[in-house]
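Okay, so here's the structure we're looking at.
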Amino acid sequence: MLQLKNISKSYTTGTFTQTALDNISLSFRKNEFVAILGPSGSGKTTCLNLVGGLDQYDSGDLIINGASTKSFKDSDWDAYRNNSVGFIFQSYNLISHLSITDNVEMGMTLSGVSAQAKHQKAVEVLEKVGLKDHMHKKPGQLSGGQMQRVAIARALANDPDIILADEPTGALDTATSAQIMDLIKEIAKDKLVIMVTHNPELAEAYADRVVQFKDGKVISDSNPAVEVQTE
Ligand code: ADP
Ligand code: ADP
């Protein structure tokens with residue numbers, strides 16, 4: 001459902017150019033749980049950001065559900081980010097002065113949804129992540145694991161097909177990490193989940209497929225998807 005074809009991306013700071021992704025080709029299937037592993041600076045976050053439409057590739061193509069994104073306009077990227085993708089970060093990125101229910105509702109970017117429907121959906125996803133009893137609390141009243149559950153609920157609020165998670169357990173202890181991974185594994189039953197991690201044990205224990213990055217290249221893939229030719 002997602003295909004990177006010969007994608008390259010570099011960042012220029014002053015006169016220095018750093019290659020982040022070097023001619024990467026990678027396909028992702030519907031409903032698979034993929035872990036992207038690799039050392040710091042190997043291009044993992046850049047890959048996730050490109051796949052999520054948070055950053056633009058320099059060359060190559062990103063194919064989404066069979067369609068090239070080469071001619072995507074800003075409005076197409078907005079629609080893709082808002083309707084198809086949910087993001088989870090290491091640092092939760094919650095708004096501290098809002099209740100967790102309001103935080104989840106902030107994730108609902110679909111237009112034409114009534115306030116009541118938004119609230120109902122927030123309650124539903126908070127229940128799914130096990131936080132229904134904490135709905136009225138603010139992030140500061142929750143543990144790290146609970147805050148990550150709020151962020152996961154927010155990512156689920158628009159019913160995306162794709163969940164992108166960047167070091168989702170990076171700030172959590174081992175026991176809490178396992179609980180969050182169980183939840184993400186559950187979510188991956190009917191979504192494509194791509195998770196960036198430094199942690200090989202977590203990747204092996206939970207993901208269906210482990211892709212290793214090094215120096216902006218894919219150096220191994222435990223279960224490569226067959227590339228679908230679209231042109
Ligand atoms: P991680 O290693 O956890 O993936 P990094 O610390 O490499 O994350 O990067 C964190 C953020 O800083 C990312 O959003 C990335 O785009 C940005 N970043 C990384 N390296 C640089 C850099 N050399 N200059 C500017 N921004 C950077
Ligand atoms: P990883 O997630 O594996 O740590 P990144 O994708 O964050 O790797 O970074 C890949 C390379 O690109 C690194 O050398 C990093 O410093 C560089 N980089 C990432 N984001 C930026 C940025 N915004 N500006 C400049 N360099 C960046």
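If you're wondering where the values come from, they're calculated on a predicted model, not measured in any experiment. Each ligand, and each atom within it, is numbered from 1 in the order the structure gives.
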- Are any of the side-chain heavy atoms of Asn103 and Pro139 separated by less than 4.5 Å? yes

- Item | Presence of salt bridge, Asp61 and Lys5, under 4.0 angstrom | no

- Task: Would you mind running through ligand 2 and noting each atom that sits below 4.0 Å from a heavy atom of Ser40?
- Result: 4 (O)

- Task: Output yes when the distance from some N or O of ligand 2 to some N or O of Thr46 is under 3.5 Å, and no in every other case.
- Result: yes

- Message: Between ligand 2 and Thr45, is the shortest N or O to N or O distance under 3.5 Å?
- Response: yes

- So is Ala20 polar-close to ligand 2, meaning N/O to N/O under 3.5 Å? no

- Return yes when Ser42 approaches ligand 2 closer than 4.0 angstrom through a heavy atom, no otherwise. yes

- Message: So if I count the atoms of ligand 2 from 1 in the order they appear, which ones are less than 4.0 Å from some heavy atom of Pro39?
- Response: 3 (O)

- Message: A quick test of your reading: do over 12 heavy atoms of other residues, nucleotides or ligands sit less than 6.0 Å from CE of Met106?
- Response: no

- Item | Shared hydrophobic cluster, Ile163 / Ile64 (ILVMFWY, side-chain heavy atoms < 4.5 Å) | no

- Task: Look at ligand 2 and say whether Cys47 reaches it with a heavy atom at a distance under 4.0 Å.
- Result: no

- Between Gln18 and ligand 2, which residue portion shows a heavy-atom distance shorter than 4.0 Å: side chain, backbone, both, or neither? side chain

Let me check something: any side-chain donor-acceptor pairs from residues 182-195 under 3.5 Å, sequence neighbours excluded? List them with distances.
unit_1 : atom_1 : unit_2 : atom_2 : d
Lys185 : NZ     : Tyr206 : O      : 2.7
Glu186 : OE1    : Lys189 : NZ     : 3.2
Lys191 : NZ     : Pro160 : O      : 2.7

- Tell me, please, which residues at least two apart from Ser114 pass side-chain hydrogen bond (donor to acceptor under 3.5 Å, both in side chains). none

